[in-house]
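Presented below is the structure to which this report refers.
Residue numbering restarts at 1 for every chain, and letters A, B, ... go by the order of the sequence lines.
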Amino acid sequence: MADALSKYALINAKLRGRISKILPDETFRQLTHASSLDATLAQLRGTPFAGLEDIYSRTGDLKMAEMELLRGEIDLYRELIKYLHPDSVPLVEALLYQFEIDNLKNAIRIYFDRNIRGRSVEGSIHYVLHERIVHDLPIDILCNAQSFDEISGVCEKTPYRDIIRQFDHTVESEGSLFRLEAALDHFYYENLLSCIHHLDRKDRDTAMRLTGVEIDLQNISWIIRFKNYYDLPLERILPIIIPGGFMLPGPMIEELYNAKDVSSVLKGFVHDKHPELSTLLTGSSPDIAGRLALIRRILEEIKKAEIQRMLSGYPFTVGIILAYFLLKREELNKIRTLLNAKLYGCKPERIEGLA
Amino acid sequence: MIFTTQMSQLFAVVLERDKERVTKTLLREGVMQFLTTSELEAQGPDKAVSDKPDASREEVTDLRKRVEGLLHTVGTIADPPNESDLSQPAAIDIRKETRELDQLDSEREGIRERQRLLQQEILKYEDIQRQVRVSNINLSNVTLPTTQSLLSTHLGKLPATHVKQLESGLKGLTVLNIPVGQDEDTSQHLLIFMARDKQKVKKILSSVHWMEMDLPDKLPSAEKEVTEELSVKLKKLKDEQEALQKKVTRIVKDREKSLVELWRNLRVLELCKKIEGHFNTSSRTIIFAGWLPSTKVSKLDEKISEACEGRCYLEWHNAEENKEIIGSDIPIQFKNPDVLAPFQMLVSNFGVPQYGTIDPTLFVMPLYLAMFGLMFADAGQGLVLALLGAWGFFRFKERKDKAGLARLFCLIIWCGIASILFGILFGSYFGFSYNPIWFDFHGIVLGHSSGNAVITDVYDILMITIFFGIAVISLGLVFNWINMIRTKNWADLIFDKGGLLGGWIYGGGIYIAYYMATHNYNGFPSTALLWLLAGIPAVLLFIKAPYYHMKHRHGSSKNENPVFLVLNFCMEWVVELLEIFAGYLSNTLSFMRVAGLGIAHVSLMVAFFSMAEMTSGIFSVLILIFGNLLVIALEGLSAGIQALRLNYYEFFTKFFNGTGKLHTPISLNSKL
């Protein structure tokens with residue numbers, strides 16, 4: 001097995017250079033105060049996002065610019081694979097699945113809206129990626145499909161076929177895509193965790209920490225959605241919880257869901273592992289939505305702390321790759337949020353709250 | 001040049017009625033850095049009320065940013081306002097301008113919406129175009145469970161009188177409508193659309209009396225017509241979009257002149273309001289204070305008095321004159337000639353000197369260049385660097401946004417000149433050794449004669465750099481003592497690591513090392529001398545911890561355990577001694593890198609010469625050219641970084657704390 005230095009020396013230097021080019025908070029602050037969407041895009045000239053202005057001024061369609069951002073993000077992963085040691089390639093390929101799964105979910109949602117709900121899909125059908133990400137998925141056929149059999153048929157040579165076949169009946173019986181989408185997300189994380197388990201010990205530990213926090217965040221997002229929109233009991237939520245969380249294992253989620261005082265439940269691990277976040281625990285909320293939002297905020301902060309930990313710690317691990325992807329994703333999400341907020345004329349103070 | 005510009009403080013009281021004229025004068029002169037309201041209140045007992053920024057100030061800023069944003073969209077960056085904008089300010093009706101901008105924005109948004117709708121149409125036709133292509137090309141690696149195409153194709157006829165109705169009915173859908181024939185009463189059409197829209201299209205067709213016809217097995221002309229029709233439609237839509245795109249730009253371009261003018265007027269207004277934001281007002285008077293260079297005092301005094309027609313009270317203080325107003329908060333202004341600009345850049349990258357302390361820019365120039373020259377001594381390569389620097393400097397010197405780059409290239413010119421000088425001293429020209437003035441660096445590295453009786457081997461070169469290091473560190477210590485004396489920091493002058501005791505120990509250490517080296521490392525100076533050189537200052541240093549403890553304790557010493565206290569003092573003393581001895585030793589030896597890089601530079605060139613000798617003719621020349629280019633790129637960068645490192649970490653850390661702040665007056669050219 002190759003040593004850590006030969007595996008990560010080049011990529012470490014390359015990514016640190018790229019991380020230094022991620023737009024700083026000051027730039028985002030200035031962008032937030034730009035007077036309009038056009039002015040915001042004009043301010044992005046001279047940054048890696050200069051192309052967005054060109055697309056928007058040509059089409060007047062922000063979604064087209066967002067599609068370009070998404071393509072850029074996918075290309076980032078593909079490009080990086082070229083520089084990676086073969087041992088690290090499967091992990092990045094596993095990360096690429098997230099984009100394919102999201103795209104597949106979008107295509108299935110279009111089918112669902114069009115065929116099952118009978119809604120117009122003109123506003124969404126043109127904003128699905130048709131390019132190959134990991135597998136050859138005929139997105140046109142998926143969007144225009146007449147039945148789930150057709151969908152699972154065209155997904156025959158992909159790992160998604162069995163998942164679709166297993167859950168397609170729930171879509172009609174429950175009138176919701178949630179179980180199918182959750183199963184696809186489960187598949188993504190299982191695949192990712194399996195790749196992580198093939199890494200050597202140091203890389204495995206590093207990757208598990210970050211992926212674990214990501215899983216926690218995903219779980220919390222689902223719980224918030226279930227609680228707010230469906231008000232489901234905990235027993236129905238627990239089966240969809242993704243295993244492998246770093247901070248919030250199943251029993252703790254159960255405890256958090258029912259606890260009136262979230263702070264007391266979280267106190268233990270926050271004090272032990274991230275004492276700098278203790279101040280966040282002083283905030284409390286009487287309703288469950290508020291409590292869950294607080295947990296989400298703490299997890300976001302933990303994710304940031306973990307990224308910083310990786311960047312300032314031993315440099316020759318897979319952590320630098322994961323940290324880069326997360327930082328880049330955060331940057332892209334901020335850009336997306338900012339542009340949409342400007343499109344809808346949000347005030348700078350409101351945008352700062354969103355970012 | 002050794003110290004920064006002398007600053008003065010103005011404390012002014014003017015009448016409310018003169019406010020506008022005084023504000024304009026202050027902006028026109030552009031020399032005052034105002035004290036904030038809290039700083040001003042901290043200085044005086046008066047009960048003046050801060051002249052709170054009125055709502056219109058924020059409105060002005062918002063409007064200015066809005067205009068700026070619009071101008072940015074067409075790539076226009078307005079020049080800052082000038083004196084004539086200030087002398088004849090145009091009256092600005094904020095409400096009216098806001099309304100006009102709202103109108104302009106709404107015009108642009110209307111066009112953007114039309115662009116977006118066109119884009120939707122384009123996407124729909126591109127969808128069909130893709131399907132037309134796909135139906136001719138099999139999808140690779142995909143097993144289709146159904147032969148059903150995603151397109152629906154219909155051939156049919158309808159009464160000629162209903163053609164318009166058909167066209168308008170299909171308008172909202174993505175349907176390719178190709179007329180394929182016509183007789184007196186009927187019109188034949190080929191319709192291609194996405195199968196998902198089948199129901200909607202059927203409904204429209206039934207309303208226009210559509211009569212379905214069988215599709216022939218082959219429609220030889222259809223494929224071409226479909227492709228052409230699609231291309232024509234797409235081109236038309238894209239042309240329309242392009243026209244709209246130009247229209248959006250034109251809306252701003254047409255009003256560019258008036259927008260620039262508005263921006264400049266708003267900027268003047270904004271700056272005036274920014275100045276007024278620093279005013280404290282009482283019932284009929286205005287109070288303000290701030291810092292400015294002492295050389296500007298008389299002019300500003302005259303101008304303010306003129307603006308107020310003598311109805312003002314101006315109180316001036318030199319920064320040094322009143323201890324109460326002196327402190328680290330006094331802003332500084334560098335006082336260096338333009339020629340030192342690249343070196344001032346190096347200093348300010350590290351930090352800004354505190355007011356009253358030494359600005360090391362003047363000393364950084366020779367030290368940095370000497371270090372660089374010693375590490376990169378080659379007249380030929382130096383010439384290349386200087387030419388490269390000159391090219392970059394002349395390319396960027398006129399561009400305001402690239403001022404930093406221009407300074408960097410200017411630094412490269414200086415580095416090139418230093419390399420040329422040291423190259424001539426060591427007789428090195430593109431790696432060739434020729435007629436050295438001082439000693440032959442190449443000869444020493446190759447083990448030949450150096451042509452100099454004193455410097456005969458690499459150890460002598462290392463010694464030169466150690467002596468150089470001692471000189472640099474000593475200079476840093478002297479600067480530290482000067483700074484301590486100027487800021488009347490007597491305790492630190494004595495006890496600081498870079499203070500008198502530290503310097504004493506360093507001097508003593510140098511003598512002891514010299515004595516040992518000249519006695520074949522076999523003996524120490526006499527005990528009495530050792531005691532004098534290092535013992536006494538080390539013992540005196542023991543006073544430091546108790547002294548600072550006594551000085552900073554605030555009456556809470558009851559619970560202190562005297563044994564622990566003494567132990568603590570002893571520990572601090574030992575750590576301090578270790579820090580001084582180890583720190584100064586490593587600081588001095590750190591300068592050996594200068595010799596190391598110089599030797600590496602020569603060795604690399606020697607290696608390339610050896611490689612060139614293994615071949616002949618053009619290959620030999622190419623190897624030498626490549627070798628020189630590689631050495632210029634790698635060694636040039638390396639020498640530049642190491643010289644900077646030595647300045648920052650071995651020289652600056654002795655005396656320079658970099659906690660000062662730059663004088664940033666409010667002027668017409670103030671940064672946004």
Within a radius of less than 6.0 Å around [atom1] of [X], do more than 12 heavy atoms belonging to other residues, nucleotides or ligands occur?
X      : atom1 : value
B/E113 : CD    : yes
B/E261 : CD    : no
A/R179 : CZ    : no
A/E131 : CD    : yes

_Evaluate B/L70 against A/D38 for side-chain contact (heavy atoms from CB on, under 4.5 Å), listing each step before the verdict._
CA-CA 8 Å; B/L70 273 172; A/D38 280 293; over 6 Å; no
*asked:* Show the nearest heavy-atom pair for residues A/A39 and B/G69, with the distance to one decimal.
replied: CB-CA, 3.6 Å
Once rounded to the nearest 0.5 Å, what's the spacing between atom [atom1] of [X] and atom [atom2] of [Y]?
X      : Y      : atom1 : atom2 : answer
B/H72  : A/S35  : NE2   : OG    : 9.5 Å
B/I122 : A/M64  : CD1   : CE    : 8.5 Å
B/L101 : A/S36  : CG    : OG    : 10.5 Å
B/Q119 : A/R58  : CD    : CZ    : 7.5 Å
A/N144 : B/D127 : CG    : CG    : 7.0 Å

Counting only non-hydrogen atoms closer than 4.5 Å, does [X] touch chain A with its backbone (N, CA, C, O), its side chain (CB onward), both, or neither?
X      : value
B/D197 : side chain
B/K124 : both
B/V67  : neither
B/R108 : side chain
B/L118 : neither

Is it the backbone or the side chain of [X] that comes under 4.5 Å from a heavy atom of chain B, or both, or neither?
X      : result
A/L41  : neither
A/Y127 : side chain
A/H135 : neither

*Find the one option among A/Q43, A/R114, A/R45 whose heavy-atom pairs under 4.5 Å with chain B are most numerous.*
A/R45
_When B/T73, B/T249, B/D62 are compared by non-hydrogen pairs under 4.5 Å with chain A, the top option_ = B/T73
*Are side-chain heavy atoms of B/Q115 and A/T59 found at a separation under 4.5 Å?*
no
*Can you find a pair of side-chain heavy atoms, one from A/D61 and one from B/Q120, that are under 4.5 Å apart?*
yes
